[in-house]
Every structure is written in structure tokens, then in C-alpha cells.
Trainee: 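First the structure, then my questions, so here it is.
Model, not experiment: these values are computed from the prediction. A, B, ... follow the sequence lines: proteins, then strands. Residue 1 opens every chain.
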Amino acid sequence: MMDKHYDAKASEAKWYPFWENNGCFHDEPDGRTPYSVVIPPPNVTGILHMGHALNQTIQDILVRWRRMQGRNTLWLPGTDHAGIATQNVVEKALKKEGKRRQDLGREAFVERVWEWKRQYGGTIVHQQRMLGNSTDWRRERFTFDDGCNRAVLKVFKQLFDEGLVYKGNYIVNWCPRCGTALANDEVEHEPNHGHFWYIRYPVVGSARGQSGEPYKDYVMVATTRPETLPGDTAVAVNPKDERYAHLLGKTVVLPLTGREIPVIADDYVDREFGTGIVKITPAHDPNDFLVGKRHNLAEINIMNGDGTMNELAGAKYAGMDRFKCREAIVADLEAGGFLDHIEDLDNQVGHCYRCHEVVESRLSKQWFVKMKPLAEPAIAAVKSGEVKFVPDRWSKIYYNWMENIQDWCISRQLWWGHRIPAYYLKNADSAGGVRGDRSPSVPEDLVFVAETAEEALAQAKAKTGNDALTLADLEQDPDVLDTWFSSWLWPFETLGWPEKTKDLDYYYPTADLVTAQDIIFFWVARMMMAGIHFMGRPPFKNIVIHGIVRAADGSKMSKSKGNSLDPLELINQYSADALRFSIALITSLDCDTKVNKEKFEIGRNFTTKIWNAARFMEMQEQALGNGEPARFDGRTAFDQAQSLSADDRHILVACDRACRKVNEILENYRIQDGALAVYDFFWTQICDWYVEYVKDSPNKSVSLAILRDVFWKALRLLHPYMPFVTEEVAHQLGYLKDGETIMRAEYPTGYTDEEKAKWGLTDGLYDFVEAKREAITALRALRAEYKVAPSTFVKVTLAVDADHEKSVASEIPSLKRAMRAESVEIVEAGRDLPMPSKITKFGTVYLSLEGLVDKAAESKRIAGELAKLAGFIKASEAKLANANFVAHAPQAVVDEAKRKLAENKDKVAQLEKLAKLFA
RNA sequence: GGGCUAUUAGCUCAGUUGGUUAGAGCGCUUCCUUGACAUGGAAGAGGUCAGUAGUUCGAAUCUACUAUAGCCCACCA
């Protein structure tokens, strides 16, 4: 006997370990068609949020569905080592102990991070289990585990050998106090009340003027950072700015230095801002850096790592703090007559998120991947249709980025991550290479890239001819690689690459990649490139992009705003099934998903409905079995029935249609439509309609057998969406024995043609029962209109066409029940009866009121109806009178229009007769 | 400034190549404690599909423009 209430927590606690421990999530390569998906690995420091819930629900639905279809399925889980985030977490912990990472030293610090990972890194992996994810935990991976590490080193080495990895200058955010580079998201921009200094740069050749007019001919440059002036290597104007067109090609004198620099034209310059002339300092501003690259300008680094000026700033300023230097330079400009005036300016200035020091843009040497050669085949793979975006519009955004791709800076000044496998020969003669302050300055040809230090040593010996070199003569690059440098290998490094494993051979390429739009560039595009380059084939066939989960008002969810929902809390309150089903039902791939707590009641209520329907079936079966559960084998019981009633056949057709529809929908990744289709089948068709029929079925054992069959199909259809309740109910109702699981049950595909023929399942029959429902609804509506209580038994008359009379007559018993009718009488269509009526496809439904009607109210209502119909009929007639419509529109559309017109004309006739009665 | 998307019922959204009187859920109104379920059942109200013009026999659907909103990128020397 099933409990009165479904205990979701108990069910989840029971079934998840059952599945996991019995290998239900695990397949080994075999002869079947594989279906493989890799999870977008969450940060190991992360905690589960609604975005994960959405992303993983979609994947689990697809994976569970394919698995039930009989595909050999792999959903590979794992986490991302998230260099910066993880290092910060551990550094924060250290800070509480009053230590910095430098106090521990590199090796000890990294060990400390590993320790943290072992202790806390399982949090999100644990939380994912709460969602019900059917990920194969036996194949769980980590982007920094040994295998991934090997893959990363091999890839770096290969790209280096291919000339696709190189070292080059790059502007980084630099905190002078911490002595480290910062990632963009570690820089906090704050409003600043600053100044705009207007400075005159004399045009070369212009004469020094008289009294107070230092130069007759100059360009006016406005800057917020005058201390960078000694690093200027050009001034720039907009190419479309006719005011300055005459300056192009000329050179100007850089004040205080006497150096001559060119005037260049670049689109970057905003004509409206400042004077429309910008000083270009490639070594100290990210935009100027790019301008400098475009125009081949020299990069003069005038600052030390600690924020003081170096000798390139000029002897006078060398060693001076940058802000002191600013004052000194402004004073000297003024003294030299170069300073025109000063304005106040409000702008944004970046600060270090940790020490709040003003961040400096600083030129440094970093490692890069040359992206263009990798991007081209990745573009082609999408253009050719080999890889598809779902929805397709994302391919445009992908092309846009790929076609304008910039080289990828992959080095990070961190300790937690894959250390760059580049080795430098110590004590080599410096060739003046500048690479931050902490790294060795060696000529490029004394850099050895190898997967191991030993191999690097061998290279060094060969290169220098010095056999006496030892490992101690080598120093490894101190930087680590960007976390994405491991993530972009995820679809094959997790399957064993670079080893040639069975898994790799069988599961690569994966089928679908499901992710949110925000990491198309960071991750998806790069995986495409890596997959094609290293595996020779794109890593997946379909890229399914879904929206972002937003708060009810459309804003981003954030903890600080307090508008975020915690999926774990929702699971606790409503159940994992409720969370999954609701999110699937309200999510469209085409747009962001707005959620509030109430939305999750849909799923919760549906769970309750399923449970209660199951209880109903159990009770009915027990009643029929005199207290013992009498379980009717779906097939044999109704196979042997002499004939099935219209309602029995109707639910079988509905079931068949639902099965086909859901499969087709899922083929097209329409997760939402699938949820709706199952929901509608279960609730509307089974519960609201068929169960009501079963209660009074004249052939109850057959009807119960049918219910048992469609219920089992419905549970399996639903399982990908609601894994726990479907498993529990399947066992409670005896569809499965102990030790079996619905996860491996066959996904329903509908009935065979043979079965349909045997049971008389036709579209016409389906429509007939739908028409009957319409008639019953019409009668209920008549009751409501005439305020006849539902408990009152009424007399009903049905006017039907002669050729339908027989089939309608056979439904009289069920009509009587559903209509709560004392009698249902059938008369020929066209009879003029003095009763309120409604016209339906089933025939005209008359409700006998036996003089209980308020005539005035009824007249009024009829008048309203007639007016409404008159409008429609007029429009309809006009349409059908249009020769063009009749000629061009499909026949079915024309026929339907004719049918509607006739039907509404009938309605008018009926109403007019009725109106006379009440007059 | 460059790119993308959206605008349909009070709210959140469907509406697949143009073709029935535009749908669902929630919310709202009225009625119903008949043993599966009040986390339920029944009936109902509510939309000139953002606006304008065009293409077409026919437009929520295609085109152009306008208005409004959002997202991504670049961001102010």
C-alpha cells in the first residue's frame, strides 16, 4: 500500500546511491552507438547555483533519454582547477594565519592548495548529486590531474614546435605594491576626481616665439597621466578628422625630452573627446599598446615593477615614485611653457582588489598562442554543417569572434596551475629581454620547451654543446598557464589523450555540448580549435546554447543583491524533481530564464499529482482483487478483450501520440516542449479524463490494464525530467522488481501499426472522443450559465446527424455519468427544441430547464452571442467569396473555412429559435 | 561607437517552412470538502500580437523604418 504522501527526500536518498553504486551511470565501450557528453566543468571552488541547475538539468534529460533509448551513454563529470579563484581562496585562508604565499614558498604553497582541494574541492561535486545528475563518477576528472597535466604539457610543446606558441610583449594590469599581475576581474574600477592636463607638443621646425608664446606651431594633447609622457612614441588623430589632416606625416617634439615622434592616424581616437589628439604610450596603456602594434611604434617601458620610474623616463625622474614624478613633470612642463591649462575630469581608475593600490598598465613578456591558423578550420567546421549550433543564430556570433580573433595570452603570474614547460639556461648572457622583474632574462634561443626537465636539459646540451650542464643550470619559467589552456582540451584529455585509449576511440567525438552563452568564446570556440588541431575532428556535433537564469525582474542573480535562489534550498523545499521539471518547463533555449520561487511549485504539484494518480490505480486494482493487488499486464489483458470502448482506445491513441511527440521534440533539443507534452499527457489526458472514465468503466479490468500500460509509458517518458519520483512509483506499482531501475527501461516510442490496427486506434476515433469531451464541457458550461448546481441531475437532449447516431448512442452511459444526467436522449439534427443549447462537433447539446430560466437575462446573452457571430460570418463569407483565396489557399484551409462558416450559421439559426422562446 | 536579440493575456512565455475565431502555466472571478489528489476539480473573464508603412488573396509570422528594453564587445586618452 502506497503512503498517502510522497517522501521526496527519502526517495532521493535511496535512489541516487542505488544508481551510483550499481553502475547505472556507467557504460563500457561496446558495439552499440555511443552518446557522449562532457560536462562544462564547474570551478572546484564553486558552489552550485541556478545556472548549474539549468545547464545540468538539460544535459541530464538528454543523457537519460538517450540511455533509455539503448545508446551506450557517457556523461563525463569533473571540475576545473580555476587558477586565480582557487589561489585566492587559499591565500585568504593564509591571511587569517597572518601569512602570505611568499612566506610558504612556491612548493609548499602549491601543496597547500592541493590540500585545500582534497578537503573542500568535493563540495560542488557533492551538490551535483543532489540534482540527480547521471554523470559517470567513475570517470570523474580534474583539469589539473595527472592526465590533464600530461595533455597540457604535450600540447604546449607541440604548439611551440609548430611555431604556434610564442613569447611576446603584452600589457597586463600590474599592482606595484603586490608586485604581481592582476586579471581583469581582479581590478576594481572606481570613480575618480582627476585632472586633464592640456600639453603642447611643438611641431618640428616651428620657431620658438616671443614672450609667453613658446612655440607658434604645436598640437594640443590632453592627458590624465602626464607622468607617462617620457614613454610616448607618437601622437594620434582620427583619420576622418579634417581639423588635423594637415598634421599627418609630420613629427612633433616630445616636451622635456626633445625626442621627435610622428603624428599618426588611427580610428581609436575619438574626435569629440579632449582635443581629439592623443599621446600614444604603448608600454603603459592597453589601447595605446594596440595602436602601437598597428603602427609599429617603439614600446618604451619607463617604470619599474614597484611603481618608481626607471632611467628610460629620464635621469631626472629615475627612481622617483610615479605620483611624485607626475608632480615633477607637470612642474617642468609649466616651467618650459608646454602646459596650456588644467581641467577637472571625472573618470574611472582601476585599483587592486586586495591592497587598493592604483593599478598600472605595464608591458611585460608573456606567452601567446597564435590563433588564426587554429581558427580557420574551426570556422570551416561550422560553415560546412559538420558542427551545428542550437539555436543556429549563435553561429553568427561565433563567426564574428573567430574571424576577428586575437592571439591568446596564456601565461599567468600565479603559482596554482600547470607550470609552463619552458626552461631557461641560467647565467646565459643577457640579451636585454625584459620579462617582468622576476623572470630570467635570456635570449629567445636559449629557451627550451619540453615535457620534462630532463628533455629540456638534453636540448640545452645539444644546443650549447656543453655536456657538463645539469638540471641545476636550468630554471623553469615561473608562470603557469591560463586555466582555459587545460579546459580547451577537456573533450579528449578526459578520455585519456594523449594515450590511445578505448574510451577515446569510442566516445570521441562527443555528441552534444550544452552550455550557456557566456563561455562561447572562452571555452566552446577554443575546444573546437583544439579538437580539430589535436584530434583531427571537432570535439562535438552539436553545440546547444541556453540562456542565463535571471531573477524575476530580469536582473542578474547575485548574492549581494539578495535576489538569488539557491538550488539546494529549492531541492530541500520542493524536491530535486520539482526543481528539474520546473526549470525545464520554463526554459526556452532562445532566451534567458526568469525565475522566482513560485515557479517551482509547478514541479512540486506535478509530483504530487503523479503520486496520487499512482495511489488511485493501486486502490482500484486492490478493490478489484478483493484487497490483494491485482496487477493487470497491460498487453495481454487488453489484447484479449473482445472490444475496447472509445475512451479506452482514445487514451491509447493519446499515449501513442505523446510518445512520438516527446521523442521528436527531444531530437530537436526542445526541452521545454517535451516537458509540456508529458505534463499535458499525464495531467490532462490520463488524470483529468481517463482516470475519471476508469472509475466507472463498464469493463474495469480491461480499463485498469490499459491504465497500467499507459501509466508505465508515461513514467518512462517522464523519467529524464523527474528521475526520482518515476523510479519510486515504478517500483511501488510493481513495474520493476528489486534491483531493477527505470533508468535502463526502454524509452517508449508508441504503439506499432499492428497494435493500432488490432485495437482500432485511429485519428477518427480520437477526434470522436475529443468531440464527446467537447459536448460534456458544453453541458457543464450550460449548467454554469443557467446556474444549475452540479449535483442536480438534468435532462439532456443531443441532436446529431443520422450517420453519427449509432456511435453517439453507444456513448450514452458514459455521457450520462459525465453530464450527471437523469436521461440523455438522441434526436435527429435540425430539430427545433425549446431549450438552451450549444453546438459542438459531437452534435447540438440541449439542456432541459423545465421552466427555470430567467428569460430577460437569457435574451440579452443571446443577443450578444448573435452579434459576435454575425461579425465572424460576414468576414468568413467575404473570405470565401474572394476568388484569389479559393485559388491560392491550400484545399484543407478552404474546406475548414467552409465548415466553420456552416457551423456558425447553424449556431445562429439555433440561437434565433431560442431567442423567440424567450421573447 | 560596433554586434546581437527581444517587444504576443495582469505576470512568465509558446506559436516549427505566411493559412482554422492567436495558446499554455501562474494570477484573477464564480462554483465544488462525491474517499487518488484543495499541492485538487469544474466553468469563466482577459489580447486591435509595440507603432507605422510595405509585400501578399491572406501577416503575430516576411521587408523597411520608428519607439522601448536587454545582452555581448570596445570604453574614453
Trainee: Under 4.0 Å, heavy atoms only, any strand: does A/G547 hit a base, just the sugar-phosphate, or nothing?
Mentor: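 Since no nucleic acid heavy atom lies under 4.0 Å of A/G547, the category is nothing.
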Trainee: Just jot down the ring pair (Phe, Tyr, Trp, His ring centres under 6.0 Å) partners of A/F522, sequence neighbours excluded, or say none.
Mentor: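 So A/F522 forms a ring pair (Phe, Tyr, Trp, His ring centres under 6.0 Å) with A/W484.
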Trainee: May I have the distance from A/K597 (atom NZ) to B/G27 (atom P), rounded to whole angstrom?
Mentor: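 Going from NZ in A/K597 over to P in B/G27 covers 16 Å.
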Trainee: Suppose you measure atom C1' in B/G18 against the same atom in B/C49; what distance do you get, rounded to whole Å?
Mentor: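 It comes out at 15 Å once rounded to the nearest Å.
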Trainee: For a stem of at least 3 consecutive Watson-Crick or G-U pairs with distances under 3.5 Å, i pairing with j, i+1 with j-1 and so on, which stems involve RNA chain B?
Mentor: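 If one scans RNA chain B for consecutive Watson-Crick or G-U pairs, the stems found are B:1-7 with B:67-73, B:10-13 with B:23-26, B:28-32 with B:40-44, B:50-54 with B:62-66.
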Trainee: Quickly work out the A/R820 CZ to B/C32 P distance and round it to whole Å.
Mentor: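 Taking atom P of B/C32 as the reference, CZ of A/R820 is at 14 Å.
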Trainee: To the nearest Å, how far apart are A/D288 CG and B/C76 C1'?
Mentor: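 Those two atoms, CG and C1', are 11 Å apart.
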Trainee: Is the centre of the A/F196 ring less than 6.0 Å from the centre of the A/Y198 ring?
Mentor: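 That pair passes the under 6.0 Å test.
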Trainee: Heavy atoms from C-beta onward define the side chain here; which of B/C37, B/A42, B/C57 lies closest to that of A/D688?
Mentor: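 It is B/A42.
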Trainee: Pick the closest RNA chain B nucleotide for A/D285 and for A/I397 by heavy atoms, then say which residue is nearer the 5' end.
Mentor: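 Result: A/I397.
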Trainee: Could you state the atom-to-atom distance from CZ of A/R393 to P of B/C72 in whole Å?
Mentor: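 Taking atom P of B/C72 as the reference, CZ of A/R393 is at 14 Å.
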Trainee: Any ion pair linking A/R615 and A/E618 (charged N to carboxylate O, less than 4.0 Å)?
Mentor: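 Result for this pair is no, no salt bridge flagged.
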Trainee: For a quick check of understanding: with a heavy-atom distance under 4.0 Å over all strands, which category does A/V886 fall into, base, sugar-phosphate or nothing?
Mentor: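 No contact.
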Trainee: In terms of side-chain heavy atoms of A/A889, which of B/C76, B/A36, B/G19 is nearest?
Mentor: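 Selected nucleotide (nearest to the side chain): B/G19.
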Trainee: Side chain of A/E692 only, heavy atoms from C-beta on: which candidate in B/A77, B/C37, B/C75 is closest?
Mentor: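 For A/E692, the side-chain atoms sit closest to B/C37.
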Trainee: Can you tell me how far P in B/G19 sits from the matching atom in B/C26, rounded to whole Å?
Mentor: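 After rounding to an integer number of Å, I get 28 Å for this pair.
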Trainee: Looking at A/F711, A/F724, A/Y6, which one forms a side chain to side chain contact (heavy atoms under 4.5 Å, CB included) with A/V729?
Mentor: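 By the side chain to side chain contact (heavy atoms under 4.5 Å, CB included) criterion, A/V729 pairs with just one of A/F711, A/F724, A/Y6: A/F711.
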Trainee: Out of B/A36, B/U5, B/C72, which has the shortest distance to the side chain of A/K609?
Mentor: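 Comparing B/A36, B/U5, B/C72 against the side chain of A/K609, the answer is B/A36.
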Trainee: Quick one: is A/T777 getting a side-chain N or O under 4.0 Å of the B/A43 phosphate, OP1 or OP2?
Mentor: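 Checking B/A43 against A/T777, a side-chain N or O does come within under 4.0 Å of OP1 or OP2.
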Trainee: Can you tell me the distance, in whole Å, between the NZ atom of A/K787 and the C1' atom of B/G44?
Mentor: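 One finds 11 Å between C1' of B/G44 and NZ of A/K787, rounded.
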Trainee: Select from A/F522 and A/E896 the residue whose nearest nucleotide in RNA chain B is closer to the 5' end of that strand.
Mentor: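 Result: A/E896.
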Trainee: OP1 or OP2 of B/C37 less than 4.0 angstrom from a side-chain nitrogen or oxygen of A/W683, does that happen here?
Mentor: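 No, because none of the side-chain N or O atoms of A/W683 sits under 4.0 Å from OP1 or OP2 of B/C37.
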Trainee: Of all the choices, B/G19, B/U39, B/C37, which nucleotide is nearest to the side chain of A/R604 once you look at every atom?
Mentor: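 The answer is B/U39.
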Trainee: What's the CD-C1' distance between A/Q891 and B/G58, to the nearest Å?
Mentor: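 After rounding, the gap between these two atoms is 16 Å.
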Trainee: If we take the C1' atom in both B/G23 and B/A9, what is their distance in whole Å?
Mentor: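 Going atom to atom, C1' in each nucleotide, I get 10 Å.
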Trainee: Does A/R670 make a side-chain N or O approach to OP1 or OP2 of B/G15 shorter than 4.0 Å?
Mentor: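 Checking B/G15 against A/R670, a side-chain N or O does come within under 4.0 Å of OP1 or OP2.
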Trainee: For B/G27 and B/A45, measure between their C1' atoms and round to the nearest Å.
Mentor: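 Going atom to atom, C1' in each nucleotide, I get 13 Å.
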Trainee: When rounded to the nearest Å, what value does the distance between P atoms of B/C71 and B/U61 take?
Mentor: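 Roughly 26 Å separates the two P atoms.
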Trainee: With C1' as the reference atom in both, quote the distance from B/G41 to B/A36 in angstrom, rounded to an integer.
Mentor: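 B/G41 and B/A36 have their C1' atoms separated by 12 Å.
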Trainee: Has the side chain of A/D3 got a donor or acceptor atom that lies under 3.5 Å from a matching backbone atom of A/H5?
Mentor: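 No; judged by distance alone, with no hydrogens or angles, the pair does not exist.
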Trainee: Which nucleotide, B/A36, B/C72, B/A77, lies nearest any side-chain atom of A/K695?
Mentor: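 Minimum distance to the A/K695 side chain belongs to B/A36.
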Trainee: Does A/D763 come within less than 4.0 Å of A/R657, counting only side-chain N to carboxylate O?
Mentor: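 A/R657 and A/D763: salt-bridged.
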Trainee: Check this for me: does any side-chain nitrogen of one of A/E664 and A/K661 sit under 4.0 Å from a carboxylate oxygen of the other?
Mentor: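 Salt bridge absent between A/E664 and A/K661.
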Trainee: Between A/N612 and A/C687, is there a side-chain heavy-atom distance shorter than 4.5 Å?
Mentor: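 Result no, sub-4.5 Å side-chain heavy-atom pair not found.
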Trainee: Touch check for A/A222, heavy atoms < 4.0 angstrom, all strands: base, sugar-phosphate only, or nothing?
Mentor: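 Counting heavy atoms under 4.0 Å across all strands, the contact made by A/A222 includes a base.
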Trainee: Can you confirm whether more than 12 heavy atoms, excluding those of A/K838, are under 6.0 Å from its NZ atom?
Mentor: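 For A/K838, atom NZ is crowded (more than 12 foreign heavy atoms under 6.0 Å).
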Trainee: Expressed in whole Å, how much space separates the P atoms belonging to B/U21 and B/G25?
Mentor: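 It comes out at 22 Å once rounded to the nearest Å.
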Trainee: Can you classify the ring geometry of A/F606 versus A/W683 as parallel (below 30°), tilted (30 to 60°) or perpendicular (above 60°)?
Mentor: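 Correct class here is parallel.
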Trainee: Whole angstroms only, please: what is the CD1-P distance between A/I610 and B/U39?
Mentor: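 So the two atoms are 17 Å apart, to the nearest Å.
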Trainee: Does a side-chain N-to-carboxylate-O contact under 4.0 Å join A/R225 and A/E360?
Mentor: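 Yes.
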Trainee: Rounded to whole Å, please give me the gap between CE in A/M619 and P in B/C37.
Mentor: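 Going from A/M619 (CE) to B/C37 (P), I get 7 Å.
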Trainee: Please pick, from B/A43, B/C71, B/C57, the nucleotide with the shortest atom-to-atom distance to any side-chain atom of A/R550.
Mentor: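 Between B/A43, B/C71, B/C57, the one nearest the side chain of A/R550 would be B/C71.
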Trainee: Taking B/G46 as the reference, what is the distance to B/U29 when you measure between their P atoms (whole Å, please)?
Mentor: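 About 16 Å, rounded to a whole number of Å.
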Trainee: Salt-bridge test for A/K700 and A/E621: reply yes if a basic N is under 4.0 Å from a carboxylate O, no otherwise.
Mentor: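 So A/K700 does not pair with A/E621 through a salt bridge.
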Trainee: As a test of reading the structure: which of B/A36, B/C57, B/A74 is closest to the side chain of A/N612, going by heavy atoms?
Mentor: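 Selected nucleotide (nearest to the side chain): B/A36.
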Trainee: What does the B/S/- profile of nucleotides 21-26 of chain B look like, 5' to 3', with a 4.0 Å heavy-atom cutoff to protein?
Mentor: B--SS-
Trainee: Go through B/G19, B/C75, B/A36 for me and flag the one nearest to the A/H888 side chain.
Mentor: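 Comparing B/G19, B/C75, B/A36 against the side chain of A/H888, the answer is B/G19.
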